[in-house]
Participant: 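To start, I am sharing the structure in question, which I have written as structure tokens.
Computed from a predicted model, the values in this text were never measured in an experiment.
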Amino acid sequence: MSAFDRFLETMSGKNVTVIGIGVSNTPLISLLLEAGAHVTVHDRKSVEELGEIYEGLHDIGVEFCVGSNYLKNLSGDYIFRTPGMHPNQPALVRAREQGSVITSEMEVFMQVCPCPIFAITGSDGKTTTTTLTCEILKKAGYTCHLGGNIGHPLLADVPFINETDMAVVELSSFQLMDMQCAPAAALVTNVTPNHLDVHKDMTEYIQAKTNIFVHQKPGAKLVLNADDQVSKGFQPAEGVELMQFSMTKPVQNGVYLQDGVIWYAEDGNRRKIMDACEIRIPGAHNIANYMAAICLTHGKVTFQDVCEVAHEFGGVEHRLELVRTLNGVRYYNDSIASSPTRTAAGLRAFQQKVILLAGGHDKKIPYDSFGPVVCDHVKRLILIDANPDDSTAPAIRDAVLSASNYDPDALVIDTYDDFEKAVRGAADAAVDGDIVLLSPASASFDIFQNFMERGNRFKDIVNRL
């Protein structure tokens, strides 16, 4: 009996609670029902907001607890939490104390997946690096399954995954907090302040990231960023191979950039992989993403596979995505940039100063170091302050005004209380040759459900200009 079949057998006849009807949990609910579980869904949305989803699941026996008190009386033999919920949320703590087993769709997938897993986490760059890893493996001829925090739930796909396939998953800090995973290859892109509106402090956030590799088995691989002050000090488990990547200096084992060339090093001996200029997607941060993916896939692919993907891959939606060129103005969608470090990387990808649209949900992270970057790379800053009760616009403005390199004659700052008005304001200010960049340096939850909705809204407005 496979590990997946044992999981289904365990669920049979059990009272199983699923928190949140989202991207990852909708297929999970169907899977649990097929296994013979008694399923209860807890969701913040009302019956009216759930609409047809509620009607369809209710008709086949799913019970519901919805609305503002959706976590009241949380119970069950097993509770599957939504990926963004802190595992020490008080309702989960009480349920755990009463004997409930708290888990998640991704945690179970990591336990039952029959093929090697390549797992990626980090504060910045993890989605592009995850996608690159998958593209390189596919170029080498593998059947590759892409999922996790990147959007596609994989647990229901397990019956169709073979031992010779490869699974590539992006994992968030929330997913990792209480997970004991042992991927065949793990990568931490970097660790900078993020999600401090949910994590109690930076220490907890860092600890969550380490869970991607601390339980790895001998023979596995760990890839770390030699340039990152936090993650470069992580130590692999005993018997785990360590590879590093660096934009600034040679590494003993791994991949590094020197004089515009990407090198592979093994025991200090180096071999050229390609020129960095061969990478199609722009930005120094994407060179780092490529080097991380090369380390992660090394031993499974050839350098030719890597080079071909570099020449062909045009980027991931919502990540420095060119939307259109209108009247000589280029419009880029970088809605994925939900932190100041991510936006800073995007700004450095351009050779000229841009018109920047920024602002959104406050994750309680500092913006002090972001101000000087804006002053160096932005000609006009357009702040989106659409929800004054939950907005980073004031913090971003203060960081810019207090920067030692701020010049009011060189950087104009506008503030709008409406997203569409902000985009149209940017378009009105732009002239032939300008770049308008949506890179919010903030989460989307002030007025959007997620960064995809924000990016799609931006694209819709731009395409209607």
Participant: Between atom OG1 of Thr82 and atom NE2 of His42, what is the distance when rounded to the nearest 0.5 Å?
Facilitator: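 The distance works out to 13.5 Å.
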Participant: Can you confirm whether more than 12 heavy atoms, excluding those of Gln449, are under 6.0 Å from its CD atom?
Facilitator: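 Count not over threshold, so no.
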Participant: As an exercise, state the distance from CD of Gln98 to CD1 of Ile79, rounded to the nearest 0.5 Å.
Facilitator: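 So the CD of Gln98 and the CD1 of Ile79 are separated by 8.5 Å.
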Participant: Report yes if the side chains of Thr10 and Tyr78 come closer than 4.5 Å at any heavy-atom pair, otherwise no.
Facilitator: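 Result yes, sub-4.5 Å side-chain heavy-atom pair found.
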Participant: How far apart are the C-alpha atoms of Asn333 and His318, what are their side-chain angles, what is the distance that settles it, and do they pass the side chain to side chain contact (heavy atoms under 4.5 Å, CB included) test?
Facilitator: CA-CA 5 Å; Asn333 166 30; His318 308 298; 2.8 Å; yes
Participant: Check whether any side-chain N or O of Asn162 sits under 3.5 Å from a backbone N or O of Cys115 as a donor-acceptor pair, and report yes or no.
Facilitator: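 Not a single qualifying donor-acceptor pair exists.
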Participant: Run the side chain to side chain contact (heavy atoms under 4.5 Å, CB included) check on Val41 and Tyr54 step by step: do they pass?
Facilitator: CA-CA 10 Å; Val41 170; Tyr54 172 85; over 6 Å; no
Participant: Looking at Arg424, I'd like to know if its CZ atom is crowded, meaning that more than 12 non-hydrogen atoms belonging to other residues, nucleotides or ligands lie closer than 6.0 Å.
Facilitator: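 Enclosed.
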Participant: Look at atom CD of Glu9 and say whether more than 12 heavy atoms of other residues, nucleotides or ligands are closer to it than 6.0 Å.
Facilitator: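 No.
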Participant: Over all heavy atoms of both residues, which pair between Val230 and Val191 is shortest? Give the atoms and the distance, please.
Facilitator: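 That closest heavy-atom pairing would be CG2-O, 3.7 Å.
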Participant: How close do Leu176 and Asn211 get, counting heavy atoms only, and between which atoms?
Facilitator: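 Closest heavy-atom pair between Leu176 and Asn211: O-ND2, 2.8 Å.
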Participant: Does Ser391 offer a backbone N or O that forms a donor-acceptor pair with the side chain of Asp446 under 3.5 Å?
Facilitator: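 Not confirmed, Asp446 side chain does not pair with Ser391 backbone.
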Participant: Ignoring hydrogens and angles, tell me if any N or O in the side chain of Asn450 forms a donor-acceptor pair with the backbone of Glu453 under 3.5 Å.
Facilitator: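 Such a contact is found between Asn450 side chain and Glu453 backbone.
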Participant: Evaluate side chain to side chain contact (heavy atoms under 4.5 Å, CB included) for Arg324 paired with Asn463, printing each intermediate quantity in order.
Facilitator: CA-CA 7 Å; Arg324 71 181 299 195; Asn463 284 322; 3.6 Å; yes
Participant: Check the pair Glu241, His298 against side-chain hydrogen bond (donor to acceptor under 3.5 Å, both in side chains), reporting the backbone distance first and the verdict last.
Facilitator: CA-CA 12 Å; Glu241 176 191 7; His298 181 70; over 6 Å; no
Participant: Salt-bridged, Lys138 to Glu135, with N to O below 4.0 Å?
Facilitator: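 Yes, Lys138 and Glu135 are salt-bridged.
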Participant: Donor-acceptor pair, distance only, cut-off 3.5 Å: does the side chain of Lys363 make one with the backbone of Ser338?
Facilitator: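 Checked: pair present.
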Participant: So with a 6.0 Å cut-off around NZ of Lys232, is the heavy-atom count from everything else above 12?
Facilitator: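 Atom NZ in Lys232 is crowded, with more than 12 foreign heavy atoms closer than 6.0 Å.
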Participant: If you define the side chain from C-beta out and look only at heavy atoms, does anything of Met110 sit under 4.5 Å from His215?
Facilitator: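 Counting from C-beta outward, Met110 and His215 never come under 4.5 Å.
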Participant: For Arg94, does its backbone N or O pair with a side-chain atom of Arg96 as donor and acceptor, under 3.5 Å?
Facilitator: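 Such a contact is absent between Arg96 side chain and Arg94 backbone.
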Participant: Ignoring hydrogens and angles, state whether a donor on the side chain of Asp385 or Thr415 is under 3.5 Å from an acceptor on the partner side chain.
Facilitator: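 There is no such pair (donor and acceptor under 3.5 Å, judged by atom type) between the side chains of Asp385 and Thr415.
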Participant: Is the number of heavy atoms from other residues, nucleotides or ligands within 6.0 Å of NZ (Lys14) greater than 12?
Facilitator: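 Correct, the count exceeds 12.
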Participant: If only atom types and distance count, is the side chain of Ser442 paired as donor or acceptor with the main-chain N or O of Pro440 below 3.5 Å?
Facilitator: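 Yes, because the side chain of Ser442 sits within donor-acceptor range (under 3.5 Å) of the backbone of Pro440.
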Participant: Is any side-chain heavy atom of Leu296 closer than 4.5 Å to one of Phe245?
Facilitator: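 Contact flag for Phe245/Leu296 side chains = no.
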Participant: Atom CD1 in Ile161, atom SG in Cys113: separation rounded to 0.5 Å?
Facilitator: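 Result: 5.0 Å between the selected atoms.
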